Number of protein chains: 2
Amino acid sequence: MARAVKRKTGAAAVRLPAELTQARRFSKTRSAQSSALLEDYVELIADLLTTGGEARPTDVARRLGVSHATAIKTIARLKREGLAPGRPYRGVFLTQEGQKLAARVRTRHRLVVDMLLALGIPAEAAEADAEGIEHHASEATLKAFAQFLQSREQN
Amino acid sequence: MARAVKRKTGAAAVRLPAELTQARRFSKTRSAQSSALLEDYVELIADLLTTGGEARPTDVARRLGVSHATAIKTIARLKREGLAPGRPYRGVFLTQEGQKLAARVRTRHRLVVDMLLALGIPAEAAEADAEGIEHHASEATLKAFAQFLQSREQN
DNA sequence: TCTGAAGTGTAGCCATGGCTACATTTCAGC
DNA sequence: GCTGAAATGTAGCCATGGCTACACTTCAGA
Ligand SMILES: [Mn+2]
Ligand SMILES: [Mn+2]
Ligand SMILES: [Mn+2]
Ligand SMILES: [Mn+2]
């Protein structure tokens, strides 16, 4: 295309900013994707901690449907990123920062599920889709979801 | 927890199926994630082909915001998977299967964007979020989106 | 107190999807 | 026709996130 600039003179120049915009969108999606896994781990660990008082790598692995080795490796990444402290063989916990992230993620998760349910989507599909969708919902989208739900409640 | 089975006898046994369900959800999300990139490539290539008659690796790279080397490597994967034929230095095309996939993906993309717009989400946020969300919307969810839009048009 | 099963951790493999650096090919314009 | 700039392709690096196989800790119960 760059070689074609001299062929299709006019339109190409105009389309350039659109290319940048689209590239930025994809870039945003990639970045969301890279935090998605950590978000799910933190959310799940928080859930295990509140429910059972402890979060063990094996439990995390079983709930996520991955091997315990995979879970342990990712938990190590949580530790590296300052989201989870913890000594070896002692279960996982969350730092203040980890807890804050967990709270945000849990709220968001519920909002997305509720929205899908409100649209009449069957429960299991709503839960499954939400697990992926949640990581790509911007603040603007979350706000719109909340407003939609609120307007629904009023009738 | 498995070690804890003998401590917390009752509840753990009941919770087992729920664990499997949740694991299945995460597994589904992971699988959606693994096809997401190919879907975006195919969608974009189809777009370039219809718009300009050709899809060159450099154009694909620029639109996705990645290096040309990355684009070429992923395009090689498209070829491996039977979605794109093409000789070296000759631009990319789509097989019948690739075209079918592109059509499905494009329709889905538009539906998701339209849904978000209908909820009052600002255009740029809608476009950006849709780029990630689309890959996690099941048939049930797409159907619900379509129905919502239809009911909207009628007033 | 000992011990073995369960849980935890480590090592090392693979595919993916980014990147930079460099080599090769194409083709517009002279 | 030549040629050099742009496009294309290749090589090789890295991090991530899966996996299996094996080693090490822990602790419930004998
Ligand atoms: Mn999730
Ligand atoms: Mn979630
Ligand atoms: Mn997309
Ligand atoms: Mn798309």
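Reminder, nothing fancy here: chain letters follow the sequence lines and each chain counts from 1. Because the structure is predicted, anything quoted here is derived from the model rather than measured.
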Does a side-chain N or O of [X] approach OP1 or OP2 of [N] to a distance below 4.0 Å, or not?
X: B:Ser34; N: C:dT16; answer: no
X: A:Arg30; N: C:dC19; answer: no
X: B:Ser67; N: C:dT20; answer: no
X: B:Arg90; N: D:dG9; answer: no

Rounded distance in Å - [atom1] ([X]) to [atom2] ([N]):
X: A:Lys79; N: D:dT16; atom1: NZ; atom2: P; result: 16 Å
X: A:Glu54; N: D:dT26; atom1: CD; atom2: P; result: 15 Å
X: B:His68; N: C:dT24; atom1: NE2; atom2: P; result: 14 Å
X: B:Leu64; N: C:dT16; atom1: CG; atom2: P; result: 17 Å
X: B:Arg56; N: D:dA6; atom1: CZ; atom2: C1'; result: 10 Å
X: B:Arg80; N: C:dC14; atom1: CZ; atom2: C1'; result: 13 Å
X: B:Ile72; N: C:dT20; atom1: CD1; atom2: P; result: 14 Å
X: B:Gln33; N: C:dT16; atom1: CD; atom2: C1'; result: 11 Å

- Between B:Ala55 and A:Pro88, name the one whose nearest nucleotide on DNA chain D is closer to the 5' end. B:Ala55
- Message: Using heavy-atom distances to pick each residue's nearest nucleotide on DNA chain D, tell me which of A:Gly65 and A:Tyr89 is more 5'.
- Response: A:Gly65
- Not counting sequence neighbours, which residues clear side-chain contact (heavy atoms from CB on, under 4.5 Å) with B:Ala32? List them please. B:His136
- Message: With a 4.0 Å cut-off on N to O distance, would you call B:Arg56 and B:Glu54 a salt bridge?
- Response: yes
- Query: Does the distance from a Lys or Arg side-chain N to an Asp or Glu carboxylate O, for A:Glu19 and B:Arg62, drop under 4.0 Å?
  - Reply: yes
- Just checking B:Ala69: base, sugar-phosphate only, or nothing, at a heavy-atom cut-off of under 4.0 Å? base
- Item | Donor-acceptor contact present, side-chain B:Thr107 to main-chain B:Ala103, <3.5 Å | yes
- Note on the structure: Partner of B:Leu83 under side-chain contact (heavy atoms from CB on, under 4.5 Å), picked from B:Leu101, B:Ile75, B:Val92, is B:Leu101
- Kindly say whether, by distance alone, the side chain of A:Lys73 makes a donor-acceptor pair under 3.5 Å with the base of D:dG18? yes
